[in-house]
2 protein chains.
Amino acid sequence: MTKMTEATYFILAALLDAPLHGYGIIKRAGEQSAGRVKLAVGTLYGALDRLTEAGLVVLDREEVVDGRPRRYYRITDDGVTAVREEAVRLQQAARVVTGQIAVVGA
Amino acid sequence: MTKMTEATYFILAALLDAPLHGYGIIKRAGEQSAGRVKLAVGTLYGALDRLTEAGLVVLDREEVVDGRPRRYYRITDDGVTAVREEAVRLQQAARVVTGQIAVVGA
DNA sequence: AGACCATATATCGGGACCCGATATATGGTC
DNA sequence: GACCATATATCGGGTCCCGATATATGGTCT
């Protein structure tokens, strides 16, 4: 079925605009989903490790801001492809129930 | 987050048109997803038990065809509501990436 | 007849993954 | 001093997927 979990999907989606650090991903995912998605930290770091190993994200850089370390992650080309494919699957799955035809790119 | 698993979603979607028995649900889910979703039997019966307990499906009737028993399941009103709500969530999630209408409002 | 496959049910165990709890650390607010 | 937001990471419990296994019938193929 090649399915992607919801957490993984929103992590990749959050990274589409620009590299973010862990905590920033959590906040961005919450924004993009109108507050519906609240990633737990345990979910985030586990998923981030898996995504890194799969080559869908890479460690971009590390910074120290106000004494707190920040580890920025960047989505790869493969990651972009994967998240777009998943978006299409989600749309098609939704259409099974809504019975509507989504207009893409209009 | 109140999330519904993909298997659960396609089981409910398969029952929208008419009551089906377990094996029929597997085939219908495959049809509706253009062959992408292949429910494993272990997934199906476990999910069916959970859905029954949650009141989203009910046992409709039992038949015996060619010596083989058939147990038909029917989706409830709550099940219809749940699967429609999930369809909306899927559509909104897809839009986050496809870049269409942003999820406005809270 | 024997082998195999589709149909049809159900259970078990391994594994994947989510997530709250916990730990550690800094700096601002009350 | 207490508390909270920021920021990282790990651990263990629980949920759920799914392949393997078991049981049973009837059709097809050799």
Side-chain angles (χ1 to χ4, degrees), chain A residues 1-15 19-31 33 35-54 56-57 59-73 82 86 89 93, chain B residues 1-15 19-31 33 35-54 56-57 59-73 82 86 89 93:
Chain A
M1 257 205 268
T2 321
K3 81 171 208 301
M4 180 184 292
T5 67
E6 195 188 22
T8 296
Y9 176 76
F10 277 102
I11 289 170
L12 290 178
L15 293 174
L20 287 174
H21 59 286
Y23 212 79
I25 293 172
I26 292 175
K27 288 188 297 183
R28 183 95 179 101
E31 289 169 15
S33 66
R36 240 180 308 101
V37 175
K38 299 184 205 306
L39 294 174
V41 291
T43 304
L44 177 76
Y45 292 108
L48 232 29
D49 287 346
R50 271 176 259 125
L51 285 169
T52 300
E53 198 183 358
L56 302 188
V57 304
L59 183 59
D60 191 63
R61 67 186 188 280
E62 293 188 43
E63 292 179 359
V64 175
V65 177
D66 289 332
R68 288 183 291 272
R70 280 187 179 176
R71 187 161 297 169
Y72 283 80
Y73 291 89
E86 179 65 11
R89 279 194 292 270
Chain B
M1 255 205 272
T2 322
K3 80 171 211 302
M4 179 184 292
T5 67
E6 194 187 21
T8 296
Y9 176 76
F10 277 102
I11 289 171
L12 290 178
L15 293 174
L20 287 174
H21 60 287
Y23 211 79
I25 292 172
I26 292 175
K27 287 188 297 184
R28 183 93 178 103
E31 288 169 16
S33 66
R36 242 180 314 102
V37 176
K38 299 185 204 306
L39 294 173
V41 292
T43 304
L44 177 77
Y45 292 107
L48 232 30
D49 287 346
R50 271 176 258 127
L51 285 169
T52 299
E53 198 183 356
L56 301 188
V57 305
L59 183 58
D60 191 63
R61 67 186 188 280
E62 293 187 43
E63 292 179 357
V64 176
V65 177
D66 290 331
R68 288 183 290 274
R70 281 186 179 178
R71 187 161 296 169
Y72 282 80
Y73 291 89
E86 179 66 11
R89 280 192 292 268

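Small disclaimer: the values here were computed from a predicted structure and weren't measured. A note on names: the letters A, B, ... follow the listed sequences, proteins ahead of strands, and every chain is numbered from 1.
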Counting heavy atoms from C-beta on, name the nucleotide in C:dA8, D:dA9, C:dC18 closest to the side chain of A:A47. C:dC18

Would you mind telling me which of C:dT7, D:dA7, C:dA10 lies closest to the side-chain atoms of B:Y45? C:dA10

Any base atoms under 4.0 Å from A:G22, or only sugar-phosphate, or nothing? Heavy atoms, all strands. sugar-phosphate

Can you name the nearest heavy-atom pair linking B:A29 to B:A14, along with the distance? N-CB, 4.3 Å

Contact under 4.0 Å: A:R71 side-chain N or O vs D:dA9 OP1/OP2: yes

Over how many whole Å does the gap from A:I25 atom CD1 to D:dA9 atom P extend? 11 Å

Measuring from the side chain of A:T8 (C-beta onward, heavy atoms only), which nucleotide among C:dA8, D:dA7, C:dC18 has the closest atom? C:dC18

How many Å lie between CD1 on A:I26 and C1' on D:dA7, as a whole number? 9 Å

Among D:dC17, C:dA8, C:dT11, find the nucleotide with the atom closest to the side chain of B:V41. C:dT11

Starting at the 5' end of DNA chain C, which residue's closest nucleotide do you reach first, B:D49 or B:K27? B:K27

Side chain of A:R50 - closest among C:dC18, C:dA8, D:dC17: C:dC18

Quick one: stems for DNA chain C, with Watson-Crick or G-U pairs under 3.5 Å, at least three in a row? C:1-30 with D:1-30

OP1, OP2 of D:dC18 versus side-chain N and O of B:T43: anything below 4.0 Å? yes

Considering only distance and modelled atom types, tabulate donor-acceptor pairs under 3.5 Å from the side chains of residues 41-50 of chain A, sequence neighbours left out.
none

Could you tell me how far apart A:L39 (CG) and D:dA7 (P) are, to the nearest whole angstrom? 16 Å

In whole Å, what is the span from the CG atom of A:L48 to the C1' atom of D:dT10? 15 Å

For the backbone of A:A93 and the side chain of B:Y9, can you confirm whether one donor and one acceptor N or O come within less than 3.5 Å of each other? yes

Rounded distance (Å) that lies between atom C1' of C:dA8 and atom CG of B:L59: 15 Å

Which atom of B:P19 lies closest to which atom of B:R61, heavy atoms considered: CB-NH1, 4.3 Å

Considering only side-chain heavy atoms of A:T5, which listed nucleotide, C:dC17, C:dT7, D:dT6, is closest? C:dC17

Choose from D:dA24, D:dA9, C:dG27 the nucleotide whose nearest atom is closest to any side-chain atom of B:R68. D:dA24

Take atom CD of B:E62 and atom P of C:dT9, then tell me their distance rounded to the nearest Å. 10 Å

